[in-house]
Engineer: 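Could you have a look at this structure, given as structure tokens, before my questions?
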Amino acid sequence: MCRIFNVKIPELSNPSVCMRDPHRVQEILQSMVKAGSNTVQVISDFDMTLTRFAYNGKRCPTCHNILDNSKLISNDCKEELKKLLNTYYPIEIDSSRSIEDKLPLMVEWWTKAHEILVQQEIRKDLLAIVVRESDAMLREGYQLLFDHLYEHSIPLLIFSAGIGDILEEVIRQAGVFHPNVKVFSNYMDFDETGVLRAFKGELIHIYNKREGALLNTGHFQELRTRPNVLLLGDSLGDLTMIGFLNDKVEERKQSYLDSYDIVLVKDETLEVPNALLLYLTGNK
Ligand SMILES: Nc1ccn([C@@H]2O[C@H](COP(=O)(O)O)[C@@H](O)[C@H]2O)c(=O)n1
């Protein structure tokens, strides 16, 4: 095993850590340290990456699920949303189907779900309450991740195919929505009385985050001086640095190893990303 892992970042020897090419990971990390933490930015997915996949054997909710399961949704619509989840989530995580095959089905899922949510005339002022009453949980170690990035002026870009208004509320209630955090996601469009009427802009689903990034080129100009990206994701649409492999582990492990530099299998914590961050900022 590479020296850097044993001595500087012992967390990389955790049983949850899998790497196709540890030497390459070592080289990347060393070159990032050499370039300095002022060249680094973190880009992360949200649901099941910054939030937990499960707690005490029970699945934790995504941004969509927080709303789907809330008192803001009628029982009939809850049933419909559940049927959609049971139909499309198995497709999302099916490693035997190609991205090209899955993409139109994912668009169909998001579109149908958003149509149902809009029918519910959800009130903006109730979002904070449903987030507070939900089982949403950020991964263990989130405080260190968010605070350390803020203290070192490292930008954190969250790219999420979830719902931006809910996502922001989760991190606001956790006390970590610092000014260095920027969110790209699906945002709700409320009318002047604060009732949901539509979703704003282009739909963001799990396979078009790259296009979302390109649409925000203005913001990305600022980040051109930070070419070293620590990227955290949980799907093959979130490529390519550290991937959390949460579900259908054995079936999907090889494709994750082929695509991500580091794969964390059934690891509900941010221990490894935090260890890398401390190493990159010279705190280790
Ligand atoms: N109606 C829906 C649509 C999607 N999801 C899940 O949300 C996740 C997307 O959010 P990221 O922050 O991971 O980009 C995705 O993995 C879907 O499983 C949902 O729960 N309901």
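Predicted, not measured: the structure shown is a model, and the values here were computed from it. Indexing begins at 1, ligand by ligand and atom by atom, following the structure's order.
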Engineer: Considering only heavy atoms, which of H114, E92, K112 lies nearest to atom 17 (C) of ligand 1?
Structural biologist: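 Looking at heavy atoms only, the winner is E92.
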Engineer: List ligand 1 atoms under 4.0 Å from F46, heavy atoms only on the residue side.
Structural biologist: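 That gives atoms 12 (O) of ligand 1.
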Engineer: Identify, by atom number and element, the atoms of ligand 1 in contact range of A113, meaning under 4.0 Å from any of its heavy atoms.
Structural biologist: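 Checking each atom against A113, I get 1 (N).
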Engineer: In the protein, what heavy atom is nearest to atom 11 (P) of ligand 1, and what distance, to one decimal place, separates them?
Structural biologist: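 Scanning the protein heavy atoms, the shortest distance from atom 11 (P) of ligand 1 goes to D45 OD1, 2.9 Å.
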Engineer: Carefully, step by step, assess E115 and Q119 under the rule side-chain hydrogen bond (donor to acceptor under 3.5 Å, both in side chains).
Structural biologist: CA-CA 6 Å; E115 275 167 15; Q119 282 167 21; 6.0 Å; no
Engineer: For residues R59 and F53, determine if any side-chain heavy atom of one lies less than 4.5 Å from a side-chain heavy atom of the other.
Structural biologist: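 Yes, side chains in contact.
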Engineer: Is it the case that ligand 1 has an N or O less than 3.5 angstrom from some N or O of W110?
Structural biologist: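 Between W110 and ligand 1, no N or O pair is found under 3.5 Å apart.
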Engineer: Taking 4.0 angstrom as the limit and counting only heavy atoms of N65, give me the atoms of ligand 1 inside it, by number and element.
Structural biologist: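 Per the distance check, 20 (O).
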Engineer: Show me which atoms of ligand 1 lie under 4.0 Å from any heavy atom of H64.
Structural biologist: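 Counting atoms of ligand 1 from 1, those under 4.0 Å from H64 are 1 (N), 2 (C), 3 (C), 4 (C), 5 (N), 19 (C), 20 (O), 21 (N).
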Engineer: Dump the intermediate steps for side-chain hydrogen bond (donor to acceptor under 3.5 Å, both in side chains) on E108 and Y88, then the final yes or no.
Structural biologist: CA-CA 9 Å; E108 203 171 277; Y88 291 100; 2.5 Å; yes
Engineer: For ligand 1, is any non-hydrogen atom under 4.0 Å from W109's backbone (N, CA, C, O), its side chain (CB onward), both, or neither?
Structural biologist: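 Side chain only.
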Engineer: When you look for heavy atoms under 4.0 Å from ligand 1, do you find them on the side chain of T62, its backbone, both, or neither?
Structural biologist: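 Looking at T62 and ligand 1, just side chain atoms fall under 4.0 Å.
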Engineer: Please compare D247, D234, D47 and report which has the shortest non-hydrogen distance to atom 8 (C) of ligand 1.
Structural biologist: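 Ranked by closest heavy atom to atom 8 (C) of ligand 1, first place is D47.
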Engineer: Of all residues at least two apart in sequence or in a different chain, which pass the side chain to side chain donor-acceptor pair (under 3.5 Å) check with K78?
Structural biologist: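 K78 satisfies side chain to side chain donor-acceptor pair (under 3.5 Å) with no residue once adjacent residues are dropped.
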Engineer: Can the ring centres of H178 and H148 be said to be less than 6.0 Å apart?
Structural biologist: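 No - the distance between ring centres of H178 and H148 does not fall below the 6.0 Å cut-off.
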Engineer: Considering non-hydrogen atoms of the protein only, which is the closest contact for atom 12 (O) of ligand 1, and what is the distance?
Structural biologist: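 Heavy-atom neighbour on the protein nearest atom 12 (O) of ligand 1: S160 OG, 2.7 Å.
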Engineer: Assess the residue pair D267 and S16 against the criterion (side-chain hydrogen bond (donor to acceptor under 3.5 Å, both in side chains)); give the C-alpha distance rounded to whole Å, side-chain angles, the decisive distance to 0.1 Å, and a yes or no.
Structural biologist: CA-CA 6 Å; D267 183 341; S16 64; 2.9 Å; yes
Engineer: Can you check whether D258 reaches Q254 side chain to side chain, under 4.5 Å on heavy atoms?
Structural biologist: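 Result yes, sub-4.5 Å side-chain heavy-atom pair found.
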Engineer: Under 3.5 Å between some N or O of ligand 1 and some N or O of Y89?
Structural biologist: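 Among all N and O atoms of Y89, none is under 3.5 Å from an N or O of ligand 1.
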Engineer: Tell me, please: is M48 in heavy-atom contact with ligand 1, that is, under 4.0 Å?
Structural biologist: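 For ligand 1, residue contact (heavy atoms, under 4.0 Å) with M48 is absent.
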Engineer: With a 4.5 Å heavy-atom cut-off, do L85 and D68 have their side chains touching?
Structural biologist: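 Answer no - side chains too far apart.
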Engineer: Looking at I163, L81, N69, which one forms a side chain to side chain contact (heavy atoms under 4.5 Å, CB included) with H64?
Structural biologist: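 Between H64 and the candidates, side chain to side chain contact (heavy atoms under 4.5 Å, CB included) is satisfied uniquely by I163.
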